[in-house]
Amino acid sequence: MTTPSTAPDATPRLRVAPSPTGDPHVGTAYMALFNLAFARQQGGRFVLRVEDTDRARFNPTSEAQLYDTLGWLGLRWDEGPDVGGPYAPYRQSERLETYRPYVERLIADGHAYHCWCSSERLAAMRDRQQKLKQPTGYDRLCHGKTREERAELEGFSETPVVRMLVPDDAPTTFEDVIRGTVSAPRPDDQVILKADGFPTYHLAVVVDDHEMGITHVVRGEEWISSTPKHVLLYQWLGLTPPRFAHMPLLRNENKSKISKRKNPWARLAWFQEQGYLPEAVVNFLGLLAYPPAKGEDGSDVEKFTFEEFSRDFAWSKVNTVGPIFDLKKLDWLNGQYIRDLELGDLTSRLVPFLQADGVLGESPTMGELARLKSIAEQIQTRVNLLSEAAPMVRPFYVADDELELAQDALDGLKDDAPAVLDAAIAALDGLHKPDGVLGENIAANQWHAPQIEAALREAIVEGMGIKPRFAFGPLRTAVSGQRISPPLFESMEILGKPSTMARLRGLRERLG
Ligand code: GLU
């Protein structure tokens with residue numbers, strides 16, 4: 001056992017302590033963000049501790065996924081199972097020896113006792129208490145008995161657990177950095193060491209937060225009811241407790257808790273798969289429990305970087321009301337981030353999505369990437385998610401005779417579509433883009449969006465008297481196969497003249 005290291009003036013040390021029980025939860029990133037923001041602001045340390053003492057729910061792939069998803073968000077830890085650190089090991093299953101002396105001391109001091117009750121007996125006891133509308137909790141049958149004495153009685157199980165002996169007058173209030181004085185129900189005789197020799201969360205969290213010098217325990221409000229147990233353990237062990245801060249739980253619009261069973265977005269990996277940008281997700285998670293900053297004109301500034309968030313962070317501003325997880329807001333915010341990306345950056349972020357959708361091959365050529373950059377420029381204001389780009393980009397990478405025309409685009413064509421196509425073909429035929437024009441010949445290159453637009457407007461809007469809103473629908477369908485596409489004239493420019501003409505002619509022939 002080490003001496004308390006959580007003196008008030010100690011360098012702040014914060015941690016996130018997820019349990020590897022499945023796909024990482026978005027709540028873990030939300031907690032990591034607030035812990036990390038404060039740690040960075042204070043020049044402190046941020047620790048990742050893996051709380052894997054629940055062996056029944058342990059999932060062996062979960063820890064790697066945790067590294068991937070938190071790493072993707074850029075929420076980096078200074079110490080953890082993968083990077084090590086002065087308080088290693090950071091996986092609780094590797095720290096069983098650390099917990100043992102603490103348990104022995106609690107038993108020796110009369111604060112904890114062995115309990116041999118079988119799970120059947122405990123279940124029957126709970127049923128009885130519920131039927132009689134009594135408070136549920138352990139009835140202390142084993143307390144004060146030796147193994148032999150207890151073995152004489154019903155519901156005996158060979159391997160004991162260890163329970164806390166919680167006095168009637170145990171303190172039930174504690175100070176919370178966000179909430180002030182908080183009261184919680186009186187704990188019952190909580191198990192601290194399980195029959196399999198593993199500590200429960202309650203003991204392990206106290207021992208590790210102490211041993212690892214954690215100064216601030218920032219976690220979800222679902223742990224408020226556990227905190228009095230932890231405070232008691234600190235007291236019994238003569239340790240200085242850390243400061244506690246309980247963050248509001250993330251909720252659905254109907255106020256229910258978000259869960260991986262009901263909400264796909266509760267899985268952190270979902271955001272990456274959907275094409276959200278990590279910086280937008282981090283920003284969004286911050287906004288969930290933190291007010292937007294004020295701009296110079298007093299308006300809300302909702303877009304902020306992690307560095308800005310961390311610099312201005314104050315516990316007093318954290319909301320205590322359960323934030324609603326508003327995906328529409330996230331989509332909007334993500335769109336803002338996409339608009340602000342440098343074009344090369346947007347292009348490289350699009351590549352994996354286009355590869356996943358089969359638009360690009362495994363190793364795109366320089367030419368394909370250069371073309372993608374021009375396309376990215378055209379769609380930058382039109383997508384909110386990276387995954388929305390594939391249908392807009394695909395037409396640029398398929399052979400002209402393999403372009404699929406979407407049914408809704410075909411259905412939207414009016415009777416004048418053949419005439420519009422004829423006029424467009426004639427007008428564009430007059431425009432010329434010699435291959436490989438460079439230098440002084442550039443003026444001869446008329447296959448540019450402004451010239452294309454001018455020629456088509458003259459032929460269709462002015463020549464045929466069709467309103468621009470309707471004039472270009474058939475051309476869009478012919479060129480992109482979609483009703484909604486990147487800007488038409490720019491698309492034609494990127495596609496080049498031969499492809500554009502082939503596609504216009506293709507649709508014209510199809511319409512008969
Ligand atoms: N292992 C707990 C969890 O999965 C950690 C709670 C805490 O931060 O104390 O959320």
Side-chain angles (χ1 to χ4, degrees), residues 6 12-39 44-59 62-63 65-67 69-70 75 77 79-81 87 89-96 98-99 174-179 182 184 187 190-192 194 198-234 239 241-250 257-260 266-268 285 289 315 318:
T6 50
R13 289 180 53 80
L14 290 95
R15 82 328 186 251
V16 71
S19 297
T21 53
D23 289 5
H25 193 281
V26 64
T28 300
Y30 164 69
M31 281 323 141
L33 169 64
F34 281 78
N35 275 285
L36 183 63
F38 184 68
R45 304 274 286 175
F46 176 53
V47 176
L48 172 67
R49 185 171 69 228
V50 172
E51 299 206 330
D52 56 352
T53 57
D54 186 345
R55 301 317 279 175
R57 295 179 61 221
F58 176 74
N59 176 321
S62 187
E63 190 180 310
Q65 289 176 319
L66 191 66
Y67 298 156
T69 44
L70 287 183
L75 301 172
W77 45 100
E79 300 167 27
Y87 300 95
Y90 291 91
R91 237 177 245 118
Q92 288 187 327
S93 59
E94 294 166 13
R95 301 174 59 80
L96 300 186
T98 307
Y99 309 119
F174 64 91
E175 288 307 308
D176 186 284
V177 177
I178 302 171
R179 296 160 191 267
V182 173
Q190 176 68 51
V191 174
I192 52 174
K194 292 181 276 187
F198 276 70
T200 58
Y201 158 70
H202 303 286
L203 179 76
V205 78
V206 165
V207 170
D208 285 344
D209 283 339
H210 164 68
E211 292 259 342
M212 295 183 180
I214 299 301
T215 56
H216 296 72
V217 166
V218 180
R219 60 187 169 197
E221 67 181 306
E222 72 268 36
W223 300 107
I224 286 181
S225 60
S226 301
T227 306
K229 298 173 200 172
H230 304 172
V231 171
L232 258 184
L233 288 170
Y234 280 106
L239 308 175
R243 296 195 176 98
F244 295 103
H246 289 91
M247 298 288 300
L249 269 190
L250 307 180
K257 228 172 104 170
I258 72 165
S259 77
K260 283 192 271 182
R267 270 181 64 239
L268 202 43
L285 293 176
W315 290 114
V318 175

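Counting starts at 1 for both ligands and their atoms, in listed order. Heavy atoms only: backbone and side chains are in, while hydrogens, waters and symmetry mates are out.
Near ligand 1, residues Arg15, Ala17, Ser19, Glu51, Tyr201, Val205, Arg219, Trp223 come within 4.0 angstrom through at least one heavy atom.
Here the OH atom belonging to Tyr201 is positioned 13.0 Å from the NZ atom belonging to Lys194, to the nearest 0.5 angstrom. Atom NE2 of His202 is separated from atom OG1 of Thr53 by 9.5 Å, given to the nearest 0.5 angstrom.
Taking each heavy atom of Thr215 and Pro12 in turn, the nearest pair found is OG1-CA, 3.3 Å. Across all their heavy atoms, Ala39 and Phe46 have their closest contact at CB-CB, 4.2 Å.
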Worksheet entry | Working for side chain to side chain contact (heavy atoms under 4.5 Å, CB included), residues Ile224 and Phe174 | CA-CA 9 Å; Ile224 286 181; Phe174 64 91; 4.1 Å; yes
Worksheet item: Given Leu75 and Asn35, is the side chain to side chain contact (heavy atoms under 4.5 Å, CB included) satisfied, shown in steps?
Response: CA-CA 10 Å; Leu75 301 172; Asn35 275 285; over 6 Å; no
